[in-house]
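See structure below.
Computed from a predicted structure; not experimentally measured. Side chains are part of it too, since the values below use all heavy atoms of this structure and drop only hydrogens, waters and symmetry mates.
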Amino acid sequence: MQNTETLDLLSQEVAKILGQESIDPDISVSELGVDSLKVVELMLVCDQLYPNKIDPEKIEIDQSTTLRGMDQQFLAMN
């Protein structure tokens, strides 16, 4: 069973960034309206949420990336 705690926290924080009450973690970040400035804000939040050091060079974020996909990438980093 997958731990959803970080995904729930990530979803809550992104909702705050976007000024929404809640968001679906399976919708792409482009559909959510995450632009380049919000990605920077999102990465700062992720640095606090995830125990592993996040290496921006290893993160794959494109128009189809979902929060669930980001969560899996961050959890997999060593």
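Distance check: Glu31 CD to Asp24 CG gives 9.5 Å after rounding to the nearest 0.5 Å. Residue Leu9 holds its CG atom at 8.0 Å from OH of Tyr50, rounded to the nearest 0.5 Å. Summarising the geometry, atom CG belonging to Leu32 is positioned 9.0 Å from atom OG1 belonging to Thr66; distances are rounded to the nearest 0.5 Å. From Ile59, atom CD1 reaches atom CE of Met70 across 7.0 Å, with rounding to the nearest 0.5 Å. Rounding to the nearest 0.5 Å gives a distance of 8.5 Å between CG of Asp71 and SG of Cys46.
Residues Leu75 and Leu42 share a hydrophobic cluster, clusters being chains of Ile/Leu/Val/Met/Phe/Trp/Tyr side chains in contact below 4.5 Å.
Met43 places a side-chain heavy atom less than 4.5 Å from the side chain of Val39. Thr65 places none of its side-chain heavy atoms less than 4.5 Å from the side chain of Glu60.
Using a 4.0 Å cut-off between a side-chain N of Lys or Arg and a carboxylate O of Asp or Glu, Lys38 and Glu41 do not qualify as a salt bridge.
Contact between Asp26 and Arg68 at its shortest, heavy atoms only, is OD1-NE, 2.5 Å. When all heavy atoms of Met77 and Lys58 are compared, the pair lying nearest together is CE-CB, 4.0 Å. Among all heavy-atom pairs drawn from Thr6 and Leu49, the shortest one is CG2-O, 4.3 Å.
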(message) Would Lys16 and Val45 count as a side chain to side chain contact (heavy atoms under 4.5 Å, CB included) here? Give the steps.
(response) CA-CA 11 Å; Lys16 286 180 193 175; Val45 166; over 6 Å; no
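Listed for the Ser11 side chain is no donor-acceptor partner under 3.5 Å among the backbone atoms of Ile23.
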